[in-house]
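By convention in this document, chain letters (A, B, ...) are assigned in the order of the sequence lines, proteins followed by strands, and residues within each chain are numbered from 1.
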Amino acid sequence: MDLTSALDILVQEARELLSDMEESLMIMEEEGHSSERIDAVFRAAHTIKGSAGLFGLDLIVGFTHVMESVLDQVRSKKLALDPELSALLLGCRDYVGRMIDVVETSGKESDPDPEERKVLPSTSGAQADNKEASLATAHPADGDHEKGVDSDNWHLSLRFGPDVLRQGMDPLSFINYLSGIGQITYLHTLQDRIPSADLMDPETCYLGFEIDLRSDCDKKRLEDVFDFVKDESSIKILPPHAKVSEYIALVNEAPDSKQMLGEILIAGGALTEHELAQVLELQRHIDAGEEGRRLGDLLIHEGIVEAPVVAAALVKQRKNEERKVAENRYVKVEASKLDQLINLVGELVIASAGARILADRARQATLSESLGEVNQLVGQIRDRSLDLRMIPIGEVFQRFPRVVRDVSKELGKQIDLVITGADTELDKSMVDKLGEPLTHMVRNAVDHGIESVEVRLASGKPAAGKLNLHAFHDSGCIVIEIKDDGKGLDSQRIRAKAIEKGLISAEAVLTDAEVQKLIFMPGFSTAEKVTNLSGRGVGMDAVKSAVEQLRGDIDLQSTLGKGTTLRIRLPLTLAIINGFQVAVGNAVFVIPLDMVEECVEFSTVTGHDYTNLRGQVLPFVRIKEVFGIESKEVRRENIVVVKCAGTRFGVVVDSLLGEAQTVIKPLSKIFKDVRGVSGSTILGSGEVALIIDVPVLMQQANCMAETEAV
Amino acid sequence: MTEYTFSEPAPGQLVLEGELTIYGASAFKDLLLSRLHANPELSVSLSNVSSLDCSAVQVMLLAQNEAHMSGKSIVWQQHSEAVCKVLNTLNLGGIFGAPASLVWS
């Protein structure tokens, strides 16, 4: 692995840890001190320090070290986690984030803001200073003791008692059992206890084993394996990433030659060369100091040291288990590899559709049949591979508690943020692009929407404003709602502003809803004072165009004095959809299948653009007219009933061709002003078909009835 | 108790058969050492050994060491599948010339 890609991993890992840290800190601000959360924060800081250390990023190491010592004091209850400290820790977290950013962009580290850095650790350090300084100088070796070894295998050191064979127990069966509950990655049989021929009793067991085992078992389970022999045998079990000090004890207590044991440990990968050197060095240290009364000392030493070491080992072990579980559940894959896969799947879908058309034309039943099966499989592959890219929208949402907290602090507002539907999934590429517009909208809501405490109380609302983030799936789309109970949009003011800016003429007759939509016009901002947060001209038009780039649309409902709801509707993925093909004249169009409700035969009240669908009025548009297609009169037209944003309407077409998987090819820029078409696709026959943009068509059909509340 | 049997097609050649376990360990030790002392070179065929336990492994290790110390040689041959499995499990395949298997990698 070259260094840059390793650094990328460091950056990515650090980001994840920082976001965990943030989450835990925020929760503790809400719910008060929790030792589990503090541990999580501590672990995050510790891990970042550790990996930064590997790359020699000393600034980060130094910074996180101070954080870590403060956290440690909180952990041991010497420091209370008051709001002040919590804010400070959040600040520190952000600062580490900035240092990580620098590492990412430049590959090196430098201090992004030495001034701020001076403020942060010195404040936090002030409370912990002295203790920490003395710790750092007094026990330079402490760090080595603390650090676990690299190996993630269990290490078992077995010296069977002399009588086990006579008792009918064969060490071999223990080893076979071990390989049943895990994978033995290394085993060394120790034969140096076998005496010379005349002294050797073939019924006495002389063998010992050093085993490295990869297993998800817990320590108890492994210990239980040796239950029957534990009294007379020496069974030592070191968990994965055991401390160097535990290996020292192992080497120390083993009756065998220390150097040899060390070599076995290296051969099995339990210790690296470097770690062994540390062990032997420290162990020599102990030897030198305690010569003469070593045995007794060792025993005492053992007696004292045992408890904390065991406790620490247990913690470590549990941590490893947690991590193991996580590791087993996820495989990290580069996003670009997934993209390649999905591109290929797209081509596969087109190719198999082509093959099917040919088979149908050839009228070979068996061929059609087997191709039908292939198509089904291709469909499944498509779904699965698209699923791979699906991630919960919570990844975007998780940053908002912090945004809202910071913004509301700055503005002196009280805001309750409620997030629902965070596990609603959508395509990763969309999640990435949604972050910015959503942040903007949330800030807008906090800044402009929700009033200050006094204003709220004066108008009879609860002091704390409510901000609701909600996501859900709706007919092949994901809908994200940002709802506040703030002051709402003032149509009068918006209108005045729009006239002032020349966006509309003073005489224009607009409904309230139309007026409100003016805020999406470029260059529109009603904020009377420009605050730190929003109202700098990058207004809602930026949000709107970002959403439109994702083939989505944005909608707004606002009642003056009651609040505002912004609703974003996005397709789930940008790549492949299930399409419903229809023909008009010689042209083929694709309607996203998720939006199709049903198909009915065309019938109309003559001269009107609506029909009677089971007693209800159904407005419709004629594709022929919308796109100006000339075609002969067809004997029997059809209506495809589509549903979008809670509204039903009909699309009149010449004939129905049926379902087909559709790989969306974006339209080139020349066509960006073409309305009603969201993309194109290549049919199996090689023809091009246009994908109908249903929401736009609906607007054109002028049937934008008030959307049903969802 | 089941034990092993052996035959000697020629001086310095041992053919073992059956189960090499603790029940025959004493006799096995005596057999190996006596034949080793009597011959400058001993070859032991393991083709018909159906099982092997740690006591037998110990005896084999002992014989191997004895041979080494007295400058003689002992050659283990035609390891049966059961023998291979045990020796490789204990990572002793190399010492006894057992063909490597993929017990662990």
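Contact of B/Q58 with chain A is made through backbone and side chain together, with heavy-atom distances under 4.5 Å. For a residue to count as touching a neighbouring chain, one of its non-hydrogen atoms must lie under 4.5 Å from one of that chain's; by this rule B/L52 touches chain A with the backbone only. For chain A, the nearby parts of B/I22 are the backbone and the side chain; heavy atoms of each come within less than 4.5 Å. Both the backbone and the side chain of A/L165 have a heavy atom closer than 4.5 Å to some heavy atom of chain B.
Each of B/S26, B/A56, B/S55, B/C54 has some count of heavy-atom pairs under 4.5 Å with chain A, and the biggest count is that of B/C54. Chosen from A/I211, A/L207, A/I194, the residue pairing most often with chain B at heavy-atom distances under 4.5 Å is A/L207.
For the pair B/E8 and B/R35, the salt-bridge criterion is met [side-chain N within less than 4.0 Å of a carboxylate O]. Electrostatic pairing of A/R221 and A/D224 does not count as a salt bridge here, judged by no charged N lying under 4.0 Å from a carboxylate O. With salt bridges taken as basic N to acidic carboxylate O contacts below 4.0 Å, none links A/E223 and A/K236.
A centroid separation of less than 6.0 Å is found between the aromatic rings of A/F174 and A/F160.
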Could you walk me through whether A/T204 and A/R166 satisfy the side-chain hydrogen bond (donor to acceptor under 3.5 Å, both in side chains) test, starting with their C-alpha distance in whole Å, then the side-chain angles of each, then the deciding distance to 0.1 Å, before giving a yes or no? CA-CA 7 Å; A/T204 300; A/R166 272 185 216 102; 2.5 Å; yes
